[in-house]
Amino acid sequence: MTALRVRGLGVLLPSAATPGDTSFPDRPVHAVDGFDVRDRLGRRGTSFFDRTTALAVAACADALRDAGVEAGPQQPQDRIGVVLATTLGSFRSTSDFTRETLVQERPYLVNPVLFPNTVMNCAAGQSAIRLGLRGVNATVAGGPVAFLHALRYAADVLARGYADLMVVGAAEELSPHRVWSQALTRGGTGAACGESAAAFAVIRDDGTGPSDGTGLRILATAAGYGPDGRRAEALSGCVRRALDRAGVAAAEVDLVVTAETATDDHGQFGAAARVLGHRPEHRQVTARFGDCDAATCATGLAQLMLDRRAHPEEPGITALLVAEGVDGAAAAALVRSPQCR
């Protein structure tokens, strides 16, 4: 994999909240407080955005602005692409459209306005339209591992010369549909349900560039699959391959960022620590921001970048991001955050 350098960041982080909507189950949640798409993007063209799309477009716009890139419908960018990670798009939009087929007089009398938001790549498409990005446009579905796959996808696009800059991100909305899904499938276990959006403007890393807080580097990614109770083995393999591809010694890893809800050594951190041969600092994204599905790892990477900008005097670190899917998928990424100054 070609190494990446992050030039810009756009992020919307959640905080603990109590749903005012009685359609939510009685469970803690984490929501992006005070976000209104009209305040952020204006009224024109946003009336029919679902929340996932609104969060994604806002984060992508912020990432490009942070990178100093002027983009918009009147300033089209042919060499900038977008790849967004998701679980299944907007759960709420898909559910509401499906409900229409049951409550209307005939299935074909559904509200057609609802349909575009049911398509999984709606957020990526709307981001490109809104920002005038005419390069590669893709959506990667994969739950908790999706963002790490999206990073690898962006690296391949840049390595092959299909784009000069890629916006890589993920967004998940908070809705009764997602919360009920987690409550029914996981019972009382697991982290609170959360929503977030994070996007990164990335370019090929040529070994140069400023160490100014936007100089964070994605050194390598790896993916694997371990069905039938072999997920720990798959994740261990991902960690080993990421270290080998990046040419980084296990002892150099200072921090492990996980997308897990477990806290014991049988989880993702335990598997990573056994490969590394030591126990680095552990940052569990779900403990602070809730389970944001495909956006969990993106949120963890954004938090790492924000920390570097807030504390530029701190020494640089090497971090390992890991994630697992319920189907046995596993992924890992190595990130290096240099000292800012």
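Position 1 is the first residue of the sequence, and the numbers go up from there.
- Shown here is Arg99, whose CZ atom has no more than 12 heavy atoms of other residues, nucleotides or ligands within 6.0 Å.
- Hydrophobic clustering places Phe289 together with Val11 (ILVMFWY residues linked when any side-chain heavy atoms are closer than 4.5 Å, directly or through intermediates).
- One finds a salt bridge joining Asp66 and Arg309 here, because a Lys/Arg side-chain nitrogen approaches an Asp/Glu carboxylate oxygen to under 4.0 Å.
- Arg7 places a side-chain heavy atom less than 4.5 Å from the side chain of Val69.
- Phe147 and Phe200 have tilted rings, their planes meeting at an angle from 30° to 60° on a 0 to 90° scale.
- Judged by distance alone, the side chain of Glu172 and the main-chain N or O of Ala294 form a donor-acceptor pair under 3.5 Å.
- Minimum heavy-atom separation, Ala242 to Ala220: O-CB, 3.6 Å.
- With a 4.5 Å cut-off on side-chain heavy atoms, Gln126 and Thr52 do not count as touching.
- The same ILVMFWY cluster, assembled from side-chain heavy atoms under 4.5 Å apart, contains both Ile218 and Val285.
- Here the shortest heavy-atom pairing between Ala141 and Met120 reads CB-SD, 3.4 Å.
- You'll find the side chain of Val253 reaches within 4.5 Å of the side chain of Leu243, heavy atoms only.
- Within the structure, every pair that satisfies the salt bridge (Lys or Arg N to Asp or Glu O under 4.0 Å) test and touches residues 232-243, not counting sequence neighbours, is listed here: Arg230-Glu233.
- At least one side-chain heavy atom of Val322 sits under 4.5 Å from a side-chain heavy atom of Val256.
- For the residue pair Asp50/Ser93, the side-chain donor-acceptor check at 3.5 Å is satisfied.
- Residues Leu84 and Ala123 come closest through the heavy atom pair CD1-C, 3.8 Å.
- Looking at heavy atoms from C-beta onward, Asp62 lies in side-chain contact with Arg40 at the 4.5 angstrom threshold.
- Within the 4.5 Å cutoff, side-chain heavy atoms of Glu260 are placed close to those of Gln284.
- In summary, Glu195 and Arg178 do not engage in a salt bridge, as defined by a charged side-chain N under 4.0 Å from a carboxylate O.
- Across Val167, Leu165, Val157, Leu4, a single residue satisfies side-chain contact (heavy atoms from CB on, under 4.5 Å) together with Val202, and that is Leu4.
- Placement of Leu216 and Leu321 within a single hydrophobic cluster is found when ILVMFWY residues are connected by side-chain heavy-atom separations under 4.5 Å, directly or transitively.
- Pairing each heavy atom of Asp327 with each of Tyr225, the nearest pair is O-CE1, 2.9 Å.
- Nearest heavy-atom pair, His149 versus Ala223, reported as atom, atom and distance to 0.1 Å: CE1-CB, 3.3 Å.
- Residues Cys122 and Thr53 have side chains in contact (heavy-atom distance under 4.5 Å, counting atoms from C-beta outward).
- The hydrophobic cluster analysis finds Ile129 isolated: no Ile, Leu, Val, Met, Phe, Trp or Tyr side chain comes under 4.5 Å of it, directly or through other members.
- Contact between Ala59 and Ala197 at its shortest, heavy atoms only, is CB-CB, 4.1 Å.
- Taking CZ of Arg79 as the reference point, atom CZ of Arg134 lies at 14.0 Å (rounded to 0.5 Å).
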Show your reasoning for whether side-chain contact (heavy atoms from CB on, under 4.5 Å) applies to Leu9 and Leu306.
-> CA-CA 9 Å; Leu9 166 67; Leu306 291 173; 3.8 Å; yes
